[in-house]
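See below for the structure under consideration.
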Amino acid sequence: MIHRLSHLFLRTLRDDPADAEVPSHKLLVRAGYIRRAAPGGYTWLPLGWEIHRKVENIVREEMNAIGAQEVHFPALLPREPYEATNRWTEYGPTLFRLQDRRGVDYLLGPTHEEMFTLLVKDLYSSYKDLPVSLYQIQTKYRDEARPRAGLLRGREFTMKDSYSFDNDEAGLAASYQAHRDAYIRIFDRLKIPYVVVSAMSGAMGGSQSEEFLAECEVGEDTFVRCTSCDYAANTEAVQVRVTAVANVDVPPALVVDTPQTPTIDSLVALLNTTSHRSPTGAAFAAGDTLKNVIVMVKHPDGTSEPLAVGVPGDREVDMKRLEAQLSPSEVEPFDDAAFAKFPALVKGYIGPDALGTTRASGIRYLLDTRVVEGSSWVTGANAKDQHIINFVYGRDFACDGSIEAAEVRAGDACPHCASPMSIDRGIEIGHVFQLGRKYAEALDLKVLDHNGKQSVVTMGSYGIGVSRAVAVVAETCHDELGLCWPRAIAPADVHVVITGKAGDDISVAGEKLAQELHRAGVTVLLDDRIGVSPGVKFKDAELLGMPTIVVVGKGLLEGVVEVRDRATGERSNVAVGDAAQHIAHICKSGS
RNA sequence: CGGGGUGUGGCGCAGUUGGUAGCGUGCCUGGUUUGGGACCAGGAGGCCGGGGGUUCGAGUCCCCCCACCCCGACCA
């Protein structure tokens, strides 16, 4: 294949588009790969679509290699299946809903668990038919509140979603592992630097779940990673390592006057001016205080209820972590109007004695897992300007349960080996999880087992953001000059720049070389534009980012062409006669 | 949904106390150029985001919408 720049539907831009912030967005638009068409929707131009197709095909090859079979559903789906799993409600405003001319409800598929489940139910009915894995590469729709960063978070995007169907847990584990291994091969081939992290299963339900995160500053996910073992997890899913309490005799709880101390800092400062000390005899620190935060939990059915969460005073409540565990319910701030309805709550001095379903406020009270049985705290006394010290969890107060709510920080102990962990940002490019029987039960997907009895099928669900992967490659593989596509997905192997005029020796040699490369099975992007200065052609070649750039120009006088590696910048001169073979060799060897 | 910002030829921007719109780039024509976004000359291209108001007169002032970007909230 030879793409000719003289005819290619392409316009590169000299300046970054003003509405783009992240490098991938700026460069993909500047280099003429995509154009914005709608909020969160992009048009793929010829070279961009070529990349998209190549990513799709890598995904396809690896999915086929594990025996998964490709199907294709409509994006326009009926309401009923999503009603059966309650996702019509649970998905909330993110679901694109529409009606036909008769007023019947439809949706644009955000993901297709229900449809795949029903398809298997439609055709299969025996344990002998399983296992089976099916997938599709499909346009997905999500009414994002705020699409951002170009292709990274759109309202319409391409996703490969696959689903495994097994008779039992062992089968599911094997299907899960096969997908996980396939994903590793896919992202390796795409040359994306990634980390596999433990994840929450979120609104999808299910148990075992891991995310593939591309390490990237502009990522929206935060994950922790152990500095010595291989533990890595999304911060939402971190299981905090709980340390036992030192066995200290704690004096009886004592109410102390603490005027003008609505904040943790002011409280600690004031206490340390008194004769009171913590049970260990040390001065009080923020981490000795127990902060009780009230939030409003909004359920998918529209009802809401207050919830109190107790966390160590030196840490904030991480709303994302909290919400991940209350999913699909949502968490909202507890405003003054809500406070007014609970006279038992003294703002700034809320303490455990007022919290709990059987206490004065009647508000459910959960303690962060860092608050362990037997630990002693400074906390609110439910009266203005008063706190309680030496208040021991288990001895002096109780709660309705525990929850992971406090923020996770760099340096926190790894739950596996207790070494310090680091925190980084990443972009979710893949997600594998064991759904279990949630969807099969909701939609009644059963097969006859070898005893002739009905058995509910167990499922796995696996996704890769294809369009997002294109953006992630651009994000992780560019420099100040432009993009650098890995050979596996570059729109062409070689960008041949002809610096001469139409019909001169240089132009003729360039055309000849392009043809030879084409015959050798190398894909070529040929800059055969007439009257365009060499500088412009070089800039465009660097911006567009083919892995190899070949310059046919003044070197021809010495009988050579220049071969450049886009990523490393290495240049070498090659005799014209050997050029095609030499370049073909570079392309085939994958360098 | 809250906070901040921006809307002016394809793209990037300027536009003063209100006087009927300009620069760069890109595009077209002709010519000179050809190894790092060349030069000269001549062109085409604008409902100044939309609506209402004030005014003799609005890109500019006032009000209301809308869109986009960023932060937060949200997020297979």
Side-chain angles (χ1 to χ4, degrees), chain A residues 11-22 25-26 29-30 32 35-36 38-40 87 90-95 109-114 138 140-150 152-155 157-163 199-206 209 211 218 220-221 234 236 295 298 319-320 322-324 327-333 335 427-433 435 461-465 468 481-482 497-502 504 506-507 529-543 549 551-557 561-562 564 571:
Chain A
R11 177 111 309 144
T12 57
L13 303 178
R14 207 171 266 243
D15 302 305
D16 287 331
D19 60 356
E21 190 72 17
V22 302
H25 188 192
K26 288 179 182 172
V29 172
R30 262 194 72 200
R35 296 292 296 174
R36 198 187 86 91
R87 287 213 293 182
E90 283 185 6
Y91 229 99
T94 305
L95 194 62
T111 173
H112 281 68
E113 278 78 4
E114 286 83 353
Q138 238 269 5
K140 303 292 188 189
Y141 297 87
R142 292 172 50 190
D143 190 356
E144 292 288 348
R146 185 162 79 85
R148 60 175 292 274
L152 284 176
R153 176 166 296 280
R155 304 166 95 193
F157 57 97
T158 313
M159 170 170 157
K160 187 286 300 178
D161 50 328
S162 47
Y163 305 87
M200 297 292 292
S201 36
M204 308 297 304
S209 166
E211 286 171 346
V218 303
E220 298 177 279
D221 286 274
N234 194 305
E236 291 170 15
V295 296
K298 200 173 155 196
M319 290 300 178
K320 278 190 173 185
L322 181 60
E323 198 159 50
S327 173
S329 299
E330 295 173 4
V331 176
E332 292 179 349
D335 55 26
I427 300 169
E428 183 183 351
I429 46 175
H431 199 159
V432 291
F433 44 99
L435 283 179
S461 165
Y462 319 91
I464 287 179
R468 180 181 279 183
L481 297 171
V497 172
I498 296 175
T499 62
K501 298 177 205 162
D504 70 5
I506 293 173
S507 164
R529 290 176 294 179
I530 305 302
V532 175
S533 73
V536 169
K537 292 187 173 185
F538 293 145
K539 290 289 183 193
D540 276 345
E542 282 144 0
L543 178 60
I549 297 169
V551 183
V552 182
K554 66 181 186 185
L556 213 56
L557 290 173
V561 298
E562 186 180 316
R564 305 179 183 177
R571 303 178 179 197

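Each chain gets a letter, A, B and so on, in the order its sequence line appears, and its residues count up from 1.
Residues A:R35 and A:V29 are in side-chain contact: their nearest non-hydrogen atoms beyond the backbone lie under 4.5 Å apart. At least one side-chain heavy atom of A:R564 sits under 4.5 Å from a side-chain heavy atom of A:E542.
Summarising the geometry, atom CZ belonging to A:R14 is positioned 9.5 Å from atom CG belonging to A:D540; distances are rounded to the nearest 0.5 Å. Taking OG1 of A:T12 as the start and CG of A:L543 as the end, the distance is 6.0 Å to the nearest 0.5 Å.
As rounded to the nearest Å, B:rG4 and B:rC61 have C1' atoms that lie 23 Å from one another. Taking atom P on both nucleotides, B:rG31 is separated from B:rG37 by 25 Å, rounded to a whole Å. With C1' as the reference atom, B:rC48 and B:rU8 are 4 Å apart, rounded to whole Å. B:rC27 and B:rG46 have their C1' atoms separated by 15 Å, given to the nearest Å. Atom name P, nucleotides B:rU60 and B:rG18: the rounded distance is 11 Å, in whole Å.
Side-chain proximity of A:R36 to B:rC68, B:rG36, B:rG26: nearest is B:rC68. Which of B:rU34, B:rC69, B:rG35 sits closest to the side chain of A:E21 comes down to B:rC69. With distances taken from any side-chain atom of A:D540 to the nucleotides B:rG37, B:rC70, B:rG35, the minimum falls on B:rG37. Candidate nucleotides B:rG36, B:rA76, B:rC27 were compared by shortest atom distance to the side chain of A:F157, and B:rA76 ranks first. For A:S533, taking side-chain heavy atoms from C-beta onward, the closest of the listed nucleotides B:rC69, B:rC11, B:rA38 is B:rA38. Among the nucleotides B:rG36, B:rG12, B:rA76, the one closest to the side chain of A:E428 is B:rA76. Of the candidates B:rC71, B:rG35, B:rC68, the closest approach to any side-chain atom of A:T499 belongs to B:rG35. Of all nucleotides listed (B:rG26, B:rC71, B:rC13), B:rC13 comes nearest to the side chain of A:A18.
A donor-acceptor contact under 3.5 Å links the side chain of A:R571 to the base of B:rG36.
Distance, A:D15 CG to B:rC11 P: 11 Å, rounded to whole Å. If you take NE2 of A:H25 and P of B:rC69, they are 8 Å apart, rounded to a whole angstrom. Atom CG of A:L543 and atom P of B:rU25 are 19 Å apart (whole Å). A:K539 places its NZ atom 10 Å from the P atom of B:rA38, with the value rounded to the nearest Å. A:E220 has its CD atom 11 Å from the P atom of B:rA73, to the nearest Å. Between the CG atom of A:D16 and the P atom of B:rC69 there is a distance of 16 Å, given to the nearest Å. Rounded to an integer number of Å, the gap from CD1 of A:I530 to P of B:rA38 is 17 Å. A:M159 places its CE atom 11 Å from the P atom of B:rA76, with the value rounded to the nearest Å.
Nucleotide B:rG42 has B:rC28 as its partner under the Watson-Crick or G-U criteria, with both atom distances under 3.5 Å. Base pairing annotation: B:rG35 forms no Watson-Crick or G-U wobble pair, as no partner gives both donor-acceptor distances under 3.5 Å. Base pairing of B:rA67: its partner is B:rU6, meeting the Watson-Crick or G-U wobble criterion (both donor-acceptor distances under 3.5 Å). Pair assignment for B:rC1: B:rG72, on the basis of Watson-Crick or G-U wobble contacts that are both within less than 3.5 Å.
Between A:S507 and A:I498, the shortest heavy-atom distance links the atoms CA-CG2, 3.7 Å.
Contact annotation for A:V497: no contact, since no heavy-atom pair falls under 4.0 Å across all strands. Among the heavy atoms of the strands lying under 4.0 Å from A:R30 is at least one base atom, whether or not backbone atoms are also near. Within 4.0 Å of A:G500, counting heavy atoms only, lies no atom of the nucleic acid at all.
Using modelled atom types and a 3.5 Å distance limit, the side chains of A:D143 and A:Y141 yield no donor-acceptor pair.
Within the 3.5 Å criterion, the main-chain N or O of A:L13 finds a donor-acceptor partner in the side chain of A:R30.
Along RNA chain B, the nucleotide nearest to A:P534 and the one nearest to A:K140 differ in position, and the one closer to the 5' end is contacted by A:P534. Each of A:R14 and A:G463 was assigned the nucleotide of RNA chain B with the nearest heavy atom; the assignment lying further toward the 5' end belongs to A:R14.
The phosphate of B:rA76 (OP1 or OP2) has no side-chain N or O of A:R468 nearer than 4.0 angstrom.
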